Amino acid sequence: MATTPSNMKGFYKLKKNKSGITKPTSSKKSSLHLVPSLGSDITQLTALISHGSPDLKDYHDNHEELMRQFDINMAYGPCLGMSRLARWERAQRLGLNPPIGFEGLLKAEKVRSECWWDGRI
Amino acid sequence: MENRVKVLAAAASCFCFPAMAGMEIDTVENLQRKQSTYQSLDETFVIQNETYRGQQYSQIYFARLHMMRTLLYSLVTHWKPHVPVCTVLGLEEGKECIIVGTLYKHMKLKPCILDEYSKERSAVPLVKHHNFMHPDDHLVLEDESGRVKLGGTVLSPSVYVTGVVVALHGKETGAGDFMVLDVLEAGLAPQIEPQLKSREDKYVVFISGVSAGSSLSNPLQFQLLVDHITGHLGDEKEQGIAAEIVHVVIAGNSVEIPLGLLNGQNLASKDQSRLSEPVQELDILLTQIAAGVPVDIMPGSNDPANFSLPQQPLNRWLFPGSRAYNTFRSCTNPHCFELDGVRILGTSGQNIDDLKKYSEGRDGLEFMERTLKWRHLAPTTPNTLGCYPFTDRDPFLIESCPHVYFVGNQDKYGTRILKGSEGQLVRLISIPKFCNTGMVVVVSFYMYYIIPGSETIKPELVLQKLLPCTFTCGFMSCICSFLDLEHL
C-alpha cells in the first residue's frame, strides 16, 4: 500500500492471509504421480521410495550430501556391508582422521545410518 | 594388562611311585610336577562382538592392506629413501617408483565355480589336487586405485600367493606392465625378549592328528602317551622327566567322525551312538591328561567346530569329563599363548596346507618361514581358505613375533631356527600326524642358570636351547625310544 490510511489499520502491518487460496505444497503422496521412465517396472519405483521418502528430497539435504561424499571416499575403504557409523569408527581406529562432525551427525540420526548404496545393490 | 593366571595344581599333579622291586618298600617319594605361568592371547581370534550384516570380503582386504601399508611405508623410507612412493593409478611410464598393494596371483588351474557353467564341455583332464600351479601363472598388484600386472624375473609367481601385501620397486613399461626391480616384504615382527626367571628345565608336549575314532588310529598308542605324560610309566628317572612336562598342546584333528554318517540323512539309533563314540573316547583320555597337566585343545579341519578360520573353541560340553578340571582349556585355531614369558603361536595346519596347494616350497618349514616374513598367518584367506568376514581388522596379522611357531597335522616332523633381521629368533616346528607316525614333539624350555655378576645372558643361547625332541610313542617302543631322543 503506497499511502498510509488514516484509520487504525494503518498502525498494523498488513500480512497476507496464508489460510487463503494457496498452491498445494508437495506431499509424499504426490511422488506416486511420477511418470515412470520407459522400460522400468514397479520394482524400480519401490526402490526409489523404499526408505519412505523419495530421492528428490535427499538431494536437497546438505548433510546427506556430505555423508555421500564420505561413502564414496576410497581412503576409508569399502562402504557396502557396514553401517556408516561403524565405518567412521573403523576409520578413526585405523588413524585415518575422518571428519569429527560426521560422528555427531550419525549419532544424532540426522542422516541415514546406512550407506547410499545399501539396499540398492 | 591381562592377569597372569598361575596354573593351579590339579589334585593328581603330584604322583607317587612304588619303590623298585628288591628295595625296601617303606620309602615312597612324591614327585611334584613343575609349573609355569600361562597367559592366553586368543582374544583376537575369538568371534564375540562381530555381527554379520551381509558384508563381503572387501572389508577384510581393506583392513589388511591398510595395516600392512602403514607398516611398509615406514620400512620403505629406510629401504630406498630416494625413490618416490605412489599409488597404482599414479604410475607414469618409465619413471621408477615404489608401489604398495595386495598381490593377486592369476592361476590357470585354480578351480573356478564358473567352469561348471562354461559352454565348452570338453573332456578336461582331472586337475591334480595337491597343487594348482602352472607355468603361465602371473602376479598382479592391487590397491584401492587400481591394479597392474607385474613383470620381470625378480618376483617369482611360484613363491607368492594371493593376499600377500608387499612393496615393489620398479617402473611401468610401455605395455602397461610394472617391471619389478626389487621387492620388500614386511619381515619378522618385533620380538619381546623372554624374561629369564626360571632356572629349571621344562617341557611342552605338542600332539596333532590323534584322530580318535578313525580306522588308522591305534588307541593303545595314545594311551601309552597319556601314561607317560601322567607318570604311570617307567622308572624314577623317566617319571622325573615326565614331571618336567608343564603343558600339553593338542593341535587339531583330535577326532575323526565317520564321513558316511554326515550325509544329512536321518540316522538309525545304532549310527547315532557311532557318531558320538570318537568324542567320548577322546574325552576319556583327555580327562586323564587334564588330571595331571594343563592341556590346550585346538580344533582342526576334521573336528566338530566351525569351518572357517579362526576356528572357535570346541564346545566344552563335548568333554564332560575333562571340563571338570581347570587345567583343561578349549582354544581357538590359531592359538597364541605365553608360557613363562615365552610366546607360542600355531595352527592346526590349514594355513600351511593351503599354501602348499597354491605355491611351491622345499618343505612345510619354508612355508612357515614365509608366513612369518609376510607377517600374516594365513595370507590365502579369504581367497582359497575360508575365513570370517571381519570388517574392522584382520586377526591373522602377526603383531609380535613368537618364540615358538608350530603347525599341526603335517606329513612329517621338521624343525629349525629362523633368525630375523633385528635379532629375532623363532623355533619353527612342524608336528606330524600322530595317527600315522606315532610321534609327538617335546620342546625343552631349558634356561641357563643365571649367576649374579656374570655376563648378561644372550637370548640366542636361551632360545637355541628350545630344543624340540621327537618322542616316538609306538606301542612297543615307548620306553626305549625315549632314551634316544633326537636333539637338533
Side-chain angles (χ1 to χ4, degrees), chain A residues 43-44 46-53 55 58 64-121, chain B residues 43-44 47-74 85-91 99-102 104 141-148 163 165 186 308 375-376 382-383 387-397 399:
Chain A
T43 55
Q44 194 177 24
T46 50
L48 283 172
I49 55 169
S50 61
H51 295 275
S53 56
D55 262 3
D58 284 342
E64 183 61 36
E65 188 55 39
L66 279 175
M67 292 313 299
R68 204 168 290 168
Q69 291 303 316
F70 174 66
D71 286 342
I72 295 173
N73 194 339
M74 278 195 300
Y76 307 125
C79 65
L80 263 183
M82 282 180 93
S83 70
R84 278 173 171 167
L85 185 60
R87 185 161 172 265
W88 188 92
E89 280 169 357
R90 175 180 75 183
Q92 177 83 329
R93 226 177 305 122
L94 292 177
L96 293 163
N97 294 325
I100 299 176
F102 288 178
E103 189 189 11
L105 279 178
L106 287 162
K107 285 192 171 159
E109 289 180 26
K110 285 189 178 167
V111 288
R112 277 183 45 196
S113 61
E114 304 297 323
C115 82
W116 195 76
W117 285 277
D118 186 69
R120 295 171 208 250
I121 288 185
Chain B
E43 303 91 36
T44 178
I47 296 173
Q48 43 194 11
N49 295 327
E50 275 79 13
T51 45
Y52 183 65
R53 307 174 81 251
Q55 68 267 27
Q56 298 196 8
Y57 289 120
S58 54
Q59 310 285 357
I60 189 176
Y61 273 123
F62 168 73
R64 183 188 303 180
L65 176 62
H66 182 81
M67 305 281 294
M68 290 294 296
R69 186 167 48 190
T70 314
L71 171 69
L72 284 168
Y73 275 172
S74 66
V85 176
C86 65
T87 61
V88 168
L89 210 55
L91 283 175
I99 49 175
V100 179
T102 314
Y104 172 75
L141 191 84
E142 187 174 318
D143 69 6
E144 301 105 331
S145 59
R147 42 165 42 196
V148 64
V165 180
S308 51
R375 283 211 209 179
H376 200 280
N383 185 35
C387 139
Y388 182 86
F390 292 97
T391 51
D392 54 351
R393 64 198 172 98
D394 187 343
F396 305 110
L397 287 168
E399 315 226 304

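As the structure is a computational prediction, the values presented were derived from the model and not from experiment. Each chain gets a letter, A, B and so on, in the order its sequence line appears, and its residues count up from 1.
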Between A/Val111 and A/Arg84, does the side-chain contact (heavy atoms from CB on, under 4.5 Å) criterion hold? Intermediate values first, please.
CA-CA 10 Å; A/Val111 288; A/Arg84 278 173 171 167; 4.3 Å; yes
Please state whether the side chain, the backbone, both or neither of A/Ala91 comes within less than 4.5 Å of a heavy atom of chain B.
neither
Assess whether atom CD of B/Gln56 is packed by more than 12 heavy atoms of other residues, nucleotides or ligands within 6.0 Å.
no
Heavy-atom distances under 4.5 Å only: say whether A/Leu80 touches chain B with side chain, backbone, both or neither.
backbone
Under 4.5 Å heavy-atom distance to chain A, tell me which part of B/Glu144 shows up: side chain, backbone, both or neither.
both
Distance-only donor-acceptor check, side chains B/Arg393 and B/Thr44, under 3.5 Å
yes
Any donor and acceptor pair, going by atom type alone, linking the side chain of B/Gln55 with main-chain N or O of B/Pro389 inside 3.5 Å?
yes
Is A/Arg93 in contact with chain B via its backbone, its side chain, both, or neither, using a 4.5 Å heavy-atom distance?
side chain
